[in-house]
Amino acid sequence: MTHSGGIVKPKTKRSKRFLQSREPKLIEGLKTSMIIKGGNTSETVSQALKDVYALKKPNAVLYKKKNMVRPFEDSTALEFFSKKTDCSLFLFGSHNKKRPNNLVFGRMFDFHVLDMFELGIEKFVSLRDVKKDKCPEGTKPLLVFAGELFETDREHQRLRNLLTDFFCGPRVSAVRLAGLEHVLHFTAVEGKIYMRSYKVLLKKSGCRTPRIELENMGPSFDFVMRRSHMASDDLYKTAHRQPKGVKPKKKKNISHDTFGTKFGRLHMQKQNLDKLQTRKMKGLKKRRGEDTAETPAAKAPRTDE
Amino acid sequence: MASCSIEDVLAKAERDEAEKRKGITVNKDLDLEFDPGHLLAFDKNRIDNRELKDIKREDFLHSLARDNTQLLINEIWKLPTERIEEVIVAKLPDPTTLLPRQKPAPKPKPPTKWEQFAKLKGIQKKKKTNLVWDEVHKEWRRRWGYKRAKDDTKEWLIEVPENADPNENQFAKRNKAKKERVARNEYNRLKNIARAQKIKVPGMGLAPTPQQSKAELAQAVNIAKISTASVGKFQDNLPKEKTPKNTGKKRKFQPLIGDFSSEKQKQLDLLKVMDSKKPRLNVTKAVNKQMREEDMESRQKNKKGFGKKGRKGNMSAEAGYKSPGGDDREEGAFLALRCEAQAHSSPNLLAPEDLVQAL
């Protein structure tokens, strides 16, 4: 459609709107994710995929059928799916003897794979097994990453970025304070990553900020890091390049004080103070015919002004 | 004395504050990094491995999560709030973690030919109404599009102008002019796109089409091949390309003065055929051929649609196949007309050879 570059014009308004929603935009909205099953999936993996789909509900597509795809060898099938559904995040689950209970988290840039991380599930508690109240779907979760590995190790840094991207939800300008109900907590210790999901209960404390109590709600995963495919540095940089219209233009020569006073700056050329233009008094104008004797007398009243 | 009491009062106030804040303070070695724009917090503190032993793991993670979430909530509560329709809402700043884009940034499109001209002349776009009052039909109609107000191709009466040919079809003339305008508009639109993408457009004829079928591509290849000075005679074939054998003359006529005996034989055969009482057309064969064609068409259509329905269609076709053209189906009558038309149109009676009965 858009590959033909506008040669084929859309015939209905609906198709035109559809094509416009798929065009690249200046400020991008939220990213949708696709959840795919591999050739052979175990019970844990299928349940895990369903749970992640439930977490990401309106902005995710769950494929029900099995697909014989090997993301680390050949990612063309994933790219094809992403083009069809216009999704830039993916989660691929598979199970075989060598890599049991495998999940591959990945993201795309321009419908080509940018980063992929393979995590193995060691322990998994599903949404169904935890019989507590759940929060409504579509709530923006609070994300907490713990562990110095997320800071020091390059792979873990990239993984942190990817998990933020995956679970952060739509960009909002304001958030309802009572609606912060869901928190996802990731802990990285020695090659393992523990993901827990809690429901936030805001309790009364003496002051305005409430006291937090947590209730174990959602799925909990114990991941182990397996393979990874990270994008090269320049590809990563191009993916971050923002178009010109996005950054607000800085207004120069305007500064704000700590008290909130607004200061402006004016740049002037050098002025000759002798020839400065002030108010003219016509009566005091020097006339040509007058003698020099009169001038001191004329000068005296002038200084009095 | 007074100073002591003031100090006491202040100390007491501090203690009260601390009491109140006890519930929400968390002690950490290193402060967390916050990104309120994404509701994100990052805790860099060291985690002791011993705490993560099997039994204590869940509790440890729970308490760690509680502490970190408390700090994050404290941070979020510091943001400016406002009240929108009885709901208190905190305004989030821009996120600090840079996330990569989905697609590369859109490039600004170069202006089209008209846009350049309009900019040069300073022509502004005028806002026009969608509907125009049509006096003839006495109703509001679109300015352009389906059933528009002034559509000169839809007039029922056209006066022939004085300097025009009286035998000219004015209606056809208007239709043709419209078609030409549409074609020119399309061509200009494609040229604008080509200029935007800096692609060269061929002058006439082969306009770029998005999906070209195998036949069209083969035709393009053949046209390119014979577009040399010697009409493709010295063009070598590609490794697996086969020269099409059926190019050239499609009808071969015998020379005027050729083989006399064969010509005599042909004329006598012709007279024999004209004399015989048997019909030239085998109706059963014709009907079967027609049915086969229709089945192919329906099968193709059903393939594009639903698989099951296609199978049903095939089965009904096969059922119908068994009964030859002895039915009083519409097809029979249609076929008769079609074959008559064929017989009338083809001057050379030897053309539908497969339908001819053996003499």
Side-chain angles (χ1 to χ4, degrees), chain A residues 4-8 23-26 28 31 88 107-110 114 140-148 150-151 160-161 164-165 168 171-178 180 183 185 187 189-190 194 196 198 200 202 205-214 216 236 238-243, chain B residues 16-17 19-24 32 35 37-47 49 52 57-58 61-62 64-70 72-74 76-78 81-82 84 87-92 95 97-107 189-190 193 196-197 208-211:
Chain A
S4 51
I7 293 174
V8 178
E23 268 176 9
K25 295 173 198 109
L26 274 181
E28 287 190 333
K31 297 190 184 182
S88 57
R107 64 181 160 193
M108 309 258 189
F109 172 68
D110 197 20
L114 187 65
K140 194 167 156 78
L142 300 166
L143 297 166
V144 183
F145 290 88
E148 55 183 11
F150 275 132
E151 175 80 16
R160 186 182 96 188
N161 196 304
T164 322
D165 212 357
C168 78
R171 274 262 305 259
V172 282
S173 56
V175 68
R176 193 172 132 241
L177 289 179
L180 296 167
V183 64
H185 191 263
T187 323
V189 178
E190 313 185 318
Y194 300 100
R196 298 283 180 272
Y198 300 102
V200 175
L202 304 163
S205 74
C207 51
R208 192 173 153 252
T209 323
R211 184 180 160 76
I212 301 291
E213 293 294 326
L214 296 181
N216 194 359
Y236 200 61
T238 22
H240 281 271
R241 201 182 292 168
Q242 304 289 348
Chain B
D16 283 343
E17 266 294 315
E19 272 285 320
K20 276 190 190 171
R21 288 197 164 276
K22 201 171 64 172
I24 61 168
L32 309 197
D35 181 7
H38 272 140
L39 300 177
L40 179 74
F42 176 41
D43 178 13
K44 281 190 272 194
N45 293 302
R46 281 203 73 225
I47 298 172
N49 243 338
L52 285 165
R57 193 189 289 161
E58 290 304 323
L61 287 173
H62 192 111
L64 179 66
R66 196 220 79 81
D67 291 339
N68 289 335
T69 322
Q70 181 72 64
L72 178 59
I73 291 282
N74 291 352
I76 292 173
W77 249 254
K78 287 183 198 160
T81 62
E82 62 178 22
I84 301 175
V87 172
I88 301 177
V89 150
K91 298 194 83 164
L92 297 176
T97 34
L98 294 170
L99 296 174
R101 285 176 63 98
Q102 287 184 60
K103 295 166 197 165
K107 287 178 206 131
R189 183 180 78 90
L190 292 175
I193 292 170
Q197 296 181 357
T209 45
Q211 289 287 23

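In this text the structure is predicted, and so the values were computed from the model without any measurement. Because only heavy atoms are used, hydrogens play no part in the values below, and waters and symmetry mates are left out as well, while side chains stay in. Below, read A as the first sequence line, B as the second, and so on, with proteins coming before strands; counting in each chain starts at 1.
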- Message: Check this for me: A:Arg171, atom CZ, are more than 12 non-hydrogen atoms of other residues, nucleotides or ligands nearer than 6.0 Å?
- Response: no
- Look only at the side chain of B:Gln70 and the backbone of A:Ile212, and say whether a donor-acceptor pair between them is shorter than 3.5 Å. yes
- Kindly write out the residues that satisfy side-chain hydrogen bond (donor to acceptor under 3.5 Å, both in side chains) with B:Thr97, not counting sequence neighbours, or none if the list is empty. B:Asp35, B:His38
- So do A:Arg196 and B:Glu58 actually touch side chain to side chain, heavy atoms under 4.5 Å? yes
- Item | A:Lys140: salt bridge (Lys or Arg N to Asp or Glu O under 4.0 Å) partners, not counting sequence neighbours | none
- Any side-chain heavy-atom pair from A:Cys168 and B:Leu40 closer than 4.5 angstrom? no
- Query: Is there a side-chain contact between A:Glu23 and B:Pro106, using heavy atoms and a 4.5 Å cut-off?
  - Reply: no
- Determine yes or no for a side-chain-to-main-chain donor-acceptor pair under 3.5 angstrom, with A:Arg208 supplying the side chain and B:Trp77 the backbone. yes
- Query: Is it the case that more than 12 heavy atoms not belonging to B:Arg189 sit under 6.0 Å from its CZ atom?
  - Reply: yes
- Message: If you define the side chain from C-beta out and look only at heavy atoms, does anything of A:Phe150 sit under 4.5 Å from B:Asp43?
- Response: no
- Interatomic distance, CD1@B:Ile47 vs OH@A:Tyr194, rounded to 0.5 Å, equals 10.0 Å
- Query: Between A:Leu143 and B:Leu39, is any pair of side-chain heavy atoms under 4.5 Å apart?
  - Reply: no
- Task: Name the region of A:Pro210, side chain, backbone, both or neither, that has any atom closer than 4.5 Å to a heavy atom of chain B.
- Result: both
- Task: Spell out, as yes or no, whether a donor-acceptor pair under 3.5 Å connects the side chain of A:Glu28 to the backbone of B:Gln102.
- Result: yes
- Side-chain contact test, heavy atoms from C-beta onward, threshold under 4.5 Å: evaluate it for B:Ile76 versus A:Leu177 and give yes or no. yes
- Can you find a heavy atom in the side chain of B:Arg66 that is under 4.5 Å from one in the side chain of A:Arg211? yes
